[in-house]
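Below: one structure, written as structure tokens.
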Amino acid sequence: MQINHLLEENSIAGKFVAQLRDTEIQKDRMRFRRNIERLGEILGYELSKTLKFTSKNINTPLGNAEVQLPQNQVALCSILRAGLPLHNGLLNYFDDAENSFISAYRHHPTNDENFEIVVEYLASPSLEGKTLILADPMLATGRSFVNVMKALEHMGKPKEIHLVAVIGAEEGIAHVAEEFPADTKLWIATIDKELNDRGYIVPGLGDAGDLCYGGKLQH
């Protein structure tokens, strides 16, 4: 798997990540969502450089111009609910993409550190031959990405797969690399080293879904 780590180099994206992590700034949910959306736009822009482009002549008010336009049939798939603002950021740039939505949540059957990833809802077009962009802000254990990809198998085989995340843990990235095709590309803003006993990224930022949309009752 090819890993594209945005903050290996300094950029304005680092400011948005810092604000996502900051416990005081996190109190403003609208700002939290917007920062995830911004990072989706930046990651989408970087991803776009790898797509296939072809030339086209267009008419301007003063003449004719040759332009380069992307040719890939893009399908965006986001994992509910934390993936929604990231999806919006990607959709701002891939505005003609088809869209998939899938649920994946952590189920703690014994209310301890053991959990399973449960997938319950899926709405998707055919993915056959498409450029699939699978988005989730947090890549912790990697099990959400893996289980979601298994759930999407009957929707057709994508031509290529791009994973987009804001923060990931080294352990989860290694797990995804083992389970996904070798030519999969990961686009991620920043990478942390550890997971805690409950599978959350450390230092991370907490529960992205709760910070975006408020707390929830546990299943």
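These numbers were taken from a predicted model, which means no experiment stands behind them.
Contact of the N4 side chain with the K185 side chain is registered, since non-hydrogen atoms from C-beta on lie closer than 4.5 Å. When side chains are defined from C-beta on, T184 does not count as touching V176, because their heavy atoms never get closer than 4.5 Å. In this structure the side chain of C77 reaches within 4.5 angstrom of the side chain of I102, judged on heavy atoms. Proximity of I167 to I188: side-chain heavy atoms (C-beta onward) are nowhere separated by under 4.5 Å. Counting heavy atoms from C-beta on, the side chains of I133 and L90 come closer than 4.5 Å. For the pair T190 and V166, the minimum side-chain heavy-atom distance is 4.5 Å or more. Looking only at side-chain heavy atoms (C-beta outward), R29 and L211 stay at 4.5 Å or farther from each other. Looking only at side-chain heavy atoms (C-beta outward), L51 and F94 come within less than 4.5 Å of each other.
Judged by distance alone, the side chain of T131 and the main-chain N or O of N72 form no donor-acceptor pair under 3.5 Å. The backbone N or O of S126 lies less than 3.5 Å from a partner atom in the side chain of K130, making a donor-acceptor pair. Panel note: side chain Q26, backbone L20; a donor-acceptor pair is recorded below 3.5 Å. Under the 3.5 Å distance criterion, the side-chain polar atoms of R33 are matched with a main-chain donor or acceptor of C212. One N or O on the side chain of Q71 and one on the backbone of L69 form a donor-acceptor pair closer than 3.5 Å. Between the side chain of N99 and the backbone N or O of A97, at least one donor-acceptor pair lies under 3.5 Å.
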Task: Test side-chain contact (heavy atoms from CB on, under 4.5 Å) applied to R31 and I25, step by step - done: CA-CA 8 Å; R31 190 171 179 182; I25 298 176; 3.8 Å; yes
- [ ] Determine, step by step, whether L195 and E170 satisfy the side-chain contact (heavy atoms from CB on, under 4.5 Å) criterion, reporting the C-alpha distance in whole Å, the side-chain angles of both residues, the deciding distance to 0.1 Å, and the verdict.
- [x] CA-CA 9 Å; L195 295 172; E170 292 180 354; over 6 Å; no
TODO: Applying side-chain contact (heavy atoms from CB on, under 4.5 Å), run through F16 and I42 and close with a yes or a no.
DONE: CA-CA 11 Å; F16 303 146; I42 295 171; 3.9 Å; yes
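Across all their heavy atoms, A82 and G209 have their closest contact at CB-N, 3.6 Å. Minimum interatomic distance between L86 and A165 (heavy atoms only, all atoms of both residues): CD2-CA, 4.5 Å. Considering all non-hydrogen atoms of both residues, M155 and P125 come closest at CE-O, 3.6 Å. F145 and F180 make their closest contact through O-CZ, 3.5 Å (heavy atoms, listed as atom of the first residue, atom of the second, distance). Across all their heavy atoms, R38 and N35 have their closest contact at NH1-OD1, 3.0 Å. The minimum heavy-atom distance linking G14 with L7 is given by the pair N-CD2, 3.5 Å.
Separation of atoms CZ (R198) and CG (N196) is listed at 8.0 Å; rounding is to 0.5 Å. The distance from atom CG of L152 to atom OG of S124, rounded to the nearest 0.5 Å, is 5.5 Å. For the atom pair E179 CD and K150 NZ, the distance stands at 5.5 Å (nearest 0.5 Å). Taking CG of L127 as the start and OG of S100 as the end, the distance is 5.0 Å to the nearest 0.5 Å. Taken to the nearest 0.5 Å, the CD1 atom of I36 stands 8.5 Å off from the CE atom of M138. The distance from the CG atom of L43 to the OG atom of S48 is 11.0 Å, given to the nearest 0.5 Å.
Under a hydrophobic-cluster definition in which Ile, Leu, Val, Met, Phe, Trp and Tyr are linked whenever side-chain heavy atoms come within less than 4.5 Å, directly or via other members, M30 and V17 are assigned to different clusters. One hydrophobic cluster, built from ILVMFWY side chains closer than 4.5 Å, holds both I12 and L39.
Salt-bridge annotation for D192 and R21: present, with a side-chain N of the basic residue lying under 4.0 Å from a carboxylate O of the acidic one. A salt bridge does not link E66 with K56: every distance from a Lys NZ or Arg NE/NH1/NH2 to an Asp or Glu carboxylate oxygen is 4.0 Å or more. One finds a salt bridge joining R81 and D210 here, because a Lys/Arg side-chain nitrogen approaches an Asp/Glu carboxylate oxygen to under 4.0 Å. Contact check on R34 versus E37 returns a salt bridge, with a Lys/Arg side-chain nitrogen under 4.0 Å from an Asp/Glu carboxylate oxygen. Using a cutoff of 4.0 Å between basic side-chain nitrogens and carboxylate oxygens, E160 and K52 are not scored as salt-bridged.
The neighbour count for K49 NZ, taken as heavy atoms of other residues, nucleotides or ligands under 6.0 Å away, is above 12. Other residues, nucleotides and ligands contribute at most 12 non-hydrogen atoms within 6.0 Å of the CD atom of E171. The 12-atom threshold is not exceeded at CD of E9, counting heavy atoms of other residues, nucleotides or ligands nearer than 6.0 Å. The number of heavy atoms from other shown groups lying within 6.0 Å of CG (N10) does not exceed 12. Counting heavy atoms of neighbouring residues, nucleotides and ligands inside a 6.0 Å radius, atom OH of Y45 does not exceed 12 of them.
Classification of the F101-H87 ring pair by plane angle, with boundaries at 30° and 60°, yields tilted.
W187 pairs with exactly one of E46, H5, H162 by the side chain to side chain donor-acceptor pair (under 3.5 Å) rule, that one being H162. The only member of I161, V164, L163, L134 that meets side chain to side chain contact (heavy atoms under 4.5 Å, CB included) when paired with L186 is L163.
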